[in-house]
Amino acid sequence: EVQLQASGGGLAQAGASLRLSCAASGFTFDDYAIGWFRRAPGKERESISCLSGNDGNDDTTYYAKAMKGRFTISTDNAKNTVYLHISSLEPEDTAVYYCTAVPRGFCTENTVQVLTLYMDYFGKGTQVTVSS
């Protein structure tokens, strides 16, 4: 069973950085890519990024166009945890952030824009609140 648990959220000031973690288990990168999306109050889910794990450190990453620049997705060597680093936080980044597992073939330059359409699993999110 695929299990995903996001953590690392909290209250941060605008301009600061934050690293979110997604503890992922019960899957293999042969079958799934791991991604992030967020949901701000009163808004639709917004795709952020996805990562297809490959052997070694040569992972493939994609970012939604609106998310390029301040968001960085990565994984640890054991590929048990997928991170989302957010730099230069803005109040508009306030949202609940979720990690998700999508079939590997749906982590592409095109499909990352609408990643939430392809989710097979997602876990409990972590709240990020950015104060101005």
Side-chain angles (χ1 to χ4, degrees):
E1 180 185 359
V2 177
Q3 293 188 331
L4 304 162
Q5 178 65 59
S7 62
L11 179 63
Q13 288 193 328
S17 297
L18 204 59
R19 189 178 77 166
L20 308 181
S21 300
C22 174
S25 62
F27 79 105
T28 71
F29 275 111
D30 289 340
D31 297 323
Y32 286 99
I34 300 297
W36 288 89
F37 68 96
R38 69 185 183 185
R39 187 162 193 172
K43 294 188 177 181
E44 298 292 322
R45 291 182 295 197
E46 188 174 25
S47 299
I48 300 172
S49 179
C50 63
L51 180 149
S52 289
N54 302 313
D55 292 339
N57 295 320
D58 188 25
D59 299 324
T60 304
T61 60
Y62 297 100
Y63 298 88
K65 290 179 182 177
M67 304 298 174
K68 288 184 178 179
R70 297 190 299 113
F71 294 84
T72 304
I73 191 170
S74 63
T75 185
D76 62 355
N77 289 336
K79 300 194 189 302
N80 292 326
T81 303
V82 177
Y83 303 102
L84 183 70
H85 185 267
I86 314 171
S87 61
S88 302
L89 282 161
E90 302 171 354
E92 292 73 24
D93 293 323
T94 295
V96 179
Y97 287 72
Y98 301 85
C99 54
T100 177
V102 301
R104 185 182 172 94
F106 288 113
C107 178
T108 70
E109 186 73 32
N110 292 325
T111 54
V112 70
Q113 313 298 330
V114 287
L115 194 68
T116 56
L117 295 179
Y118 305 106
M119 296 189 295
D120 275 2
Y121 304 93
F122 67 95
K124 191 175 180 180
T126 185
Q127 173 73 48
V128 172
T129 303
V130 183
S131 61
S132 58

Are [X] and [Y] side-chain neighbours, meaning at least one heavy-atom pair lies under 4.5 Å?
X	Y	value
L20	F71	no
I34	F29	yes
D59	T75	yes

Roughly how far apart are D30 CG and S52 OG, rounded to 0.5 Å?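 Those atoms lie 10.5 Å apart.
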Group every Ile, Leu, Val, Met, Phe, Trp and Tyr by side-chain heavy-atom contacts under 4.5 Å, then state whether V82 and Y118 land in the same group.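 Unlinked, V82 and Y118 end up in two clusters.
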When clusters are formed by joining ILVMFWY residues with side-chain heavy atoms under 4.5 Å apart, either directly or through shared neighbours, do I73 and V128 land in the same one?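 Yes.
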side-chain contact (heavy atoms from CB on, under 4.5 Å) partners for S74, two or more places apart: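 For S74, the residues satisfying side-chain contact (heavy atoms from CB on, under 4.5 Å) (neighbours in sequence not counted) are Y83.
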Who passes side-chain contact (heavy atoms from CB on, under 4.5 Å) against T129, sequence neighbours left out?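 So T129 forms a side-chain contact (heavy atoms from CB on, under 4.5 Å) with L11, T94, Q127.
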Only pairs at least two apart or in different chains count here, so list each side chain to side chain donor-acceptor pair (under 3.5 Å) that has a residue in residues 41-51.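 Passing the test, one end in residues 41-51: R38-E46.
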How would you list all residue pairs meeting side chain to side chain donor-acceptor pair (under 3.5 Å) that involve residues 6-25, not counting sequence neighbours?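 Every pair satisfying side chain to side chain donor-acceptor pair (under 3.5 Å) with a residue in residues 6-25: there are none.
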With no hydrogens and no angle check, is any side-chain donor or acceptor of Y32 less than 3.5 Å from a backbone partner on T100?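 No; zero donor-acceptor contacts below 3.5 Å.
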Can you check side-chain contact (heavy atoms from CB on, under 4.5 Å) on R104 and D31, steps first, answer last? CA-CA 5 Å; R104 185 182 172 94; D31 297 323; over 6 Å; no
What residue pairs, at least two apart or across chains, pass ring-ring contact (aromatic ring centres under 6.0 Å, His included) with a residue in residues 34-59?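 For residues 34-59: F37-Y98, F37-F122.
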Less than 3.5 Å apart, which donor and acceptor atoms pair up between the side chains of residues 106-117 and the rest of the protein, not counting sequence neighbours?
unit_1	atom_1	unit_2	atom_2	d
T108	OG1	N110	N	3.3
T108	OG1	T111	N	3.0
T108	OG1	T111	OG1	2.7
E109	OE2	K68	NZ	3.3
T111	OG1	F106	O	2.5
T111	OG1	T108	N	3.1
Q113	OE1	K65	N	3.1
Q113	NE2	E109	O	3.3

